[in-house]
**Student:** 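Below you'll find the structure I mean.
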Amino acid sequence: MQDRGFESLDFYQDSLKLLKAAYRLAESLPSCERYNLSDRLRRAACSVLLNIAEGYGRYHYLDRLRFMYIARGSLTETKSAFIIAESLGYCNTEQLNWVSQLKDRIEKGLNGYCRFIRSQQQGKEEYGTKLGDW
């Protein structure tokens with residue numbers, strides 16, 4: 001079976017949609033939020049994608065899992081930034097609901113991928129079952 005790359009993962013594609021929404025919102029925020037909410041929103045949304053990609057490129061299953069867990073945390077941070085924006089009147093409830101649904105779909109995909117990684121345990125035989133053993 002040919003590896004199609006992290007770009008083909010459905011939850012990665014959905015994360016790209018979330019990133020675009022985050023950048024659109026960040027661009028529309030008032031200038032007083034430029035170095036606060038706007039910056040945090042962009043960083044968190046980017047972190048989701050970058051950690052999925054980095055985890056995908058790792059060999060040992062525990063290393064892969066670590067990056068997927070970081071991506072999941074960044075996903076939650078991204079949603080929280082949208083919640084903050086909605087509570088301050090920077091976006092509407094409909095936008096927040098869309099983000100919440102997308103976040104849930106991404107998280108479901110990430111969780112399924114983590115189950116797959118744990119079931120495969122790639123690198124266990126060569127490097128053991130603890131990070132840092134190798």
Side-chain angles (χ1 to χ4, degrees):
M1 184 162 118
Q2 182 179 350
D3 183 3
R4 298 181 323 180
F6 64 87
E7 306 97 312
S8 67
L9 297 169
D10 289 340
F11 62 90
Y12 184 86
Q13 291 298 318
D14 285 340
S15 297
L16 274 173
K17 293 175 189 172
L18 182 61
L19 175 78
K20 290 175 185 177
Y23 267 71
R24 280 192 303 273
L25 176 59
E27 187 65 31
S28 72
L29 292 174
S31 60
C32 66
E33 294 292 352
R34 184 175 186 183
Y35 297 109
N36 188 21
L37 185 58
S38 179
D39 185 53
R40 292 296 297 264
L41 179 58
R42 286 180 175 139
R43 287 172 176 266
C46 280
S47 179
V48 176
L49 290 152
L50 294 172
N51 279 290
I52 290 170
E54 185 160 0
Y56 189 90
R58 297 298 176 126
Y59 178 72
H60 195 276
Y61 77 102
L62 292 175
D63 216 11
R64 281 184 157 197
L65 285 172
R66 182 169 55 101
F67 284 97
M68 296 304 156
Y69 294 155
I70 294 168
R72 196 168 59 192
S74 295
L75 178 62
T76 303
E77 183 180 0
T78 303
K79 180 183 175 185
S80 181
F82 273 92
I83 291 169
I84 292 166
E86 192 267 343
S87 71
L88 296 173
Y90 299 144
C91 73
N92 62 42
T93 304
E94 184 180 319
Q95 290 168 308
L96 179 58
N97 289 339
W98 180 84
V99 165
S100 294
Q101 290 173 359
L102 187 59
K103 181 257 184 200
D104 290 345
R105 198 166 66 220
I106 295 165
E107 189 171 47
K108 186 176 179 180
L110 266 170
N111 289 341
Y113 191 63
C114 287
R115 279 191 301 278
F116 171 76
I117 292 169
R118 280 193 296 275
S119 74
Q120 298 298 301
Q121 295 191 1
Q122 182 178 353
K124 177 182 175 182
E125 296 299 318
E126 298 95 325
Y127 300 108
T129 57
K130 294 181 183 164
L131 284 176
D133 283 355
W134 25 283

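Nothing here was measured: the structure is a model prediction, and the numbers come from that model.
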**Student:** If I compare all heavy atoms of T78 with all of A45, which pair ends up nearest, and what's the gap?
**Tutor:** OG1-N, 3.3 Å

**Student:** In Å and rounded to the nearest 0.5 Å, what is the CZ to OG distance from F82 to S100?
**Tutor:** 9.5 Å

**Student:** To the nearest 0.5 angstrom, please state how far the CG atom of L96 sits from the OH atom of Y90.
**Tutor:** 15.5 Å

**Student:** To the nearest 0.5 Å, tell me how far I70 CD1 sits from L50 CG.
**Tutor:** 11.5 Å

**Student:** So that I can tick it off, tell me whether R43 and E77 are bridged by a salt bridge, with the cut-off set at under 4.0 angstrom between side-chain N and carboxylate O.
**Tutor:** no

**Student:** Atom OG1 in T76, atom NZ in K103: separation rounded to 0.5 Å?
**Tutor:** 4.5 Å

**Student:** Do the non-hydrogen side-chain atoms of L41 and E33 ever get within less than 4.5 Å of each other?
**Tutor:** no

**Student:** What are the two closest heavy atoms between A44 and S74, and how far apart are they?
**Tutor:** O-CB, 3.6 Å

**Student:** So which heavy atom on F67 is nearest to which on G55, and how close?
**Tutor:** CB-CA, 3.5 Å

**Student:** Does CG in N92 sit with more than 12 non-hydrogen atoms of other residues, nucleotides or ligands closer than 6.0 Å?
**Tutor:** yes

**Student:** Taking the six-membered ring of Y23 (Phe, Tyr or Trp), confirm whether the NZ or CZ of R42 is under 6.0 Å from its centre and within 45° of its axis.
**Tutor:** yes

**Student:** Apply the side-chain contact (heavy atoms from CB on, under 4.5 Å) test between L110 and each candidate in R105, R115, R72; give the one that qualifies.
**Tutor:** R72

**Student:** Any chance CZ of R118 has more than 12 other-residue heavy atoms, nucleotides or ligands included, within less than 6.0 Å?
**Tutor:** yes

**Student:** Is there a side-chain contact between I83 and E86 in this structure, where contact means two heavy atoms from C-beta onward sitting under 4.5 Å apart?
**Tutor:** no

**Student:** With a 4.5 Å limit on heavy-atom distance, are the side chains of L29 and N36 in contact?
**Tutor:** no

**Student:** Does the Lys NZ or Arg CZ of R64 fall within the cation-pi geometry relative to Y56 - under 6.0 Å from the ring centre and within 45° of the axis?
**Tutor:** yes

**Student:** Looking at F6, F11, Y61, Y69, which hits ring-ring contact (aromatic ring centres under 6.0 Å, His included) with Y113?
**Tutor:** F11

**Student:** First locate atom CD1 of I117, then atom CG of L65, and finally report the distance between them rounded to the nearest 0.5 Å.
**Tutor:** 5.0 Å

**Student:** Following the transitive rule for hydrophobic clusters with a side-chain heavy-atom cut-off under 4.5 Å over Ile, Leu, Val, Met, Phe, Trp and Tyr, establish whether L49 and L25 coincide in one cluster.
**Tutor:** yes

**Student:** Can you tell me how far the CZ atom of R58 sits from the CG atom of D63, to the nearest 0.5 Å?
**Tutor:** 4.5 Å

